[in-house]
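Note that these values count all heavy atoms, side chains included, but never hydrogens, waters or copies made by symmetry. In the text below, chain A, chain B and the rest are named by the order of the sequence lines, each starting its count at 1. Predicted model only: the values in this text are computed from it and were never measured.
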Number of protein chains: 2
Amino acid sequence: MHFTHSMRNKIQLTVDAVVFGYESGNISVLLVKRKYEPYKNAWALPGGFVLEKENLEEAVQRELSEETGVKINYLEQLYTFGDLGRDPRGRVVSVSYFGLVKPNAFELTASTDATRAKWFSIKKLPRLAFDHKKILKIAIERLQGKITYEPIGFELLDKKFPFSDLEKLYTTLLDREIDRRNFKKKITSLKVLDELEEKVSIGRGRPASLFSFNEKRYFQLKKEGIIFEI
Amino acid sequence: MHFTHSMRNKIQLTVDAVVFGYESGNISVLLVKRKYEPYKNAWALPGGFVLEKENLEEAVQRELSEETGVKINYLEQLYTFGDLGRDPRGRVVSVSYFGLVKPNAFELTASTDATRAKWFSIKKLPRLAFDHKKILKIAIERLQGKITYEPIGFELLDKKFPFSDLEKLYTTLLDREIDRRNFKKKITSLKVLDELEEKVSIGRGRPASLFSFNEKRYFQLKKEGIIFEI
DNA sequence: ATATATTTGCGTGCATTTTACACATTCTAT
DNA sequence: ATAGAATGTGTAAAATGCACGCAAATATAT
C-alpha cells in the first residue's frame, strides 16, 4: 500500500509507563486516576499522546513526570499495543514502557492528566482503564522473567543494604522461598556486590553487614546477560 | 498532556517485517527495492503504513504479502522505532516484526511498493533505506538470542531432515563450531525430535536417519521456555 | 544476669549437568 | 578393492547445582 500526502491516516500514538516499585516485601505499580473521559475517574497507567516533536522515550518520561512527578532514568520498551477497539476515542496505538524505582524516593504529585497518582500493590489492583490490565499482565511477566537473565535490585534497593534485603526482593519477585546459603554463593560468584565495613542492626538478631552494588559490574552483567537460575 | 479533538497529531504509523530465511548454512533476509521516493530504488525491509481499520499484525502480513508474496503464519513483535528524523517524510513511527521461513517455500513476487523482492545473505547486505540497518541489527541479535531460551528450527528446516541439518543450522546461527555428540545428547534429552525409519543418502558418506520435530513438544517448549546452553 | 528467640553467616558432601574427547560404521567415488 | 567422507555412538573428568546443619551476634523476656 502506497500512501500519498492526501491519504493521511487517523491513527493516534500514545505511550504508557508501567513503573514498578518495591518496598519491604511488596511490589507495587504506579497508577493515575483519569481526569477526563473516556474512563473518567478510573485508574490507568500513566501515559498519553506523543507530541510530533519528541521521541518516544521523551514522551513517556514527560507524561510520567507530568502525571505523577516520578522521574526515572531508565525506561525499557515493553510492547506496542495496537488492536482495534482498544480505545473508544478511535484508533489509538500505544507504545508501553517498563521501569523500576524505589517508591519512597518520590513524593507523588498530581497535575495535568491525573487528579491523583498512587502506588498500588500488584496483589490488590483496582479496575483499570482501556486494555491496561493486559499491559500490566505482560509487564509483570517481563519483571519476573528478567531476573533469570540479568541482575536486578540496583534500582529497587537502597544504596547500602543488608543481604537479607536482596534475598527478600528475590523471594518476593519469584513468589517462593529460596535457600539463603546457595543464593549467597550464586550472588557472590557474580562479584556484583561490594561488602562494606559498616554493619546495621535492625530489631533483634545478629547485626548484618551492609552491601552495595558494584555499579560497573552490575551494568556489565546487564549488558552481557547472565543465565541465572535460582 | 491532554489532547482535544482539535489537536490531532501528525504522527504516521508504519510496520516493517524482518523475515529471516535459512538454507544450507546461510542466513538470509528478505528485502524489497523501493519503487517510490524517499529512498527510491534503495533496498528496504518490507513494510508500509498501517490502515485505520486493521490490526498491526494484519498490516504487517498484508504489506509482506503485497510486496513479496511471502505469507508467514507467525510474526513476533520486535521493537518500535520512533526517533525524530528517521523518515524524511515527517514523523513516522514503525512497529517492527520478526519472522522465520524456508526461503525455497516461496516464489517471490513484486508488486505494490516494490519493483523487486529478494533474499540477501546477512553477510552481504546492500545499503538500506531509513534506519533499517539498525532494525536489522536488533533483529539479528534477537535471532541469536532466541536459541538460548527456546527451541529453533521448525520454521527453518524441511519436514524431514538429517540431524546434521539441525547441527548446521545451530553452527550457522551461533557462528561457531559445536560438538556433535554433546549437541545430540542435549537435543535428545529435550525429546523434541522423532526419529523416522527412513534414511537419506546425499552424496557420499554414511546415509543419515531422518528426523522430524515433534510439533506438540516443540511448541510446548517454546511456550514454557528452555534454558539451552550449547 | 541468664536464658531464649531471632537473625546473620558460613562449609561440606552428594547428585546432576556439562564438557572433552576417539573410534567404528556405512556409504560413494575411483 | 580401496580411499575418502559423512554418520553415529560412550565414557571419564570437571564443574555446577542442591540439600542441609550449626555457630555467632544480638534483642527481649524472665
- Query: Is any side-chain N of the basic residue among B/Arg62 and B/Glu66 closer than 4.0 Å to the acidic one's carboxylate O?
  - Reply: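 Looking at B/Arg62 and B/Glu66, the cut-off is met.
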- Query: Is the closest basic N to carboxylate O distance between A/Lys160 and A/Asp158 below 4.0 Å?
  - Reply: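 No.
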Distance test, side-chain N/O of [X] to OP1/OP2 of [N], below 4.0 Å:
X        : N      : answer
A/Ser164 : C/dT7  : no
A/Lys185 : D/dG17 : no
B/Ser209 : D/dT7  : no

- Message: Does the structure place the NZ or CZ of B/Lys124 under 6.0 Å from the centre of the six-membered ring of B/Phe120, at an angle of no more than 45° from the ring's axis?
- Response: no
Could you state the [atom1]-[atom2] distance from [X] to [N], rounded to the nearest angstrom?
X        : N      : atom1 : atom2 : answer
A/Lys186 : D/dA19 : NZ    : C1'   : 15 Å
B/Ile226 : C/dT18 : CD1   : P     : 11 Å
A/Ile202 : D/dA27 : CD1   : C1'   : 13 Å
B/Lys184 : C/dT17 : NZ    : C1'   : 20 Å
A/Glu177 : C/dT7  : CD    : P     : 13 Å
A/Arg180 : C/dG9  : CZ    : P     : 8 Å
A/Phe163 : D/dA24 : CZ    : C1'   : 18 Å
A/Arg204 : D/dT30 : CZ    : P     : 11 Å

- Yes or no on side-chain hydrogen bond (donor to acceptor under 3.5 Å, both in side chains) for A/Ser212 and A/Lys159, after CA distance, side-chain angles and deciding distance? CA-CA 6 Å; A/Ser212 66; A/Lys159 268 257 178 296; over 6 Å; no
- Query: Where the side chain of B/Arg181 is concerned, which of C/dC21, D/dA6, D/dC20 is the nearest nucleotide?
  - Reply: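 Output: C/dC21.
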- Query: Between A/Ala208 and A/Asp179, who's closer to the 5' end of DNA chain C by nearest nucleotide?
  - Reply: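 Result of the comparison: A/Ala208.
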- Message: On the side chain of A/Arg206, is there an atom forming a donor-acceptor pair with the base of C/dT8 - under 3.5 Å, no angle test?
- Response: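 Between C/dT8 and A/Arg206, which were checked side chain against base, a qualifying N/O pair under 3.5 Å is present.
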- Message: Counting C-beta onward and ignoring hydrogens, is there a side-chain heavy-atom pair between A/Val29 and A/Phe20 closer than 4.5 Å?
- Response: yes
- Message: I want to confirm an ordering. Mapping B/Glu195 and A/Gly205 to their closest nucleotides on DNA chain D, which one lands closer to the 5' end?
- Response: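 Whichever sits nearer the 5' end wins; that is B/Glu195.
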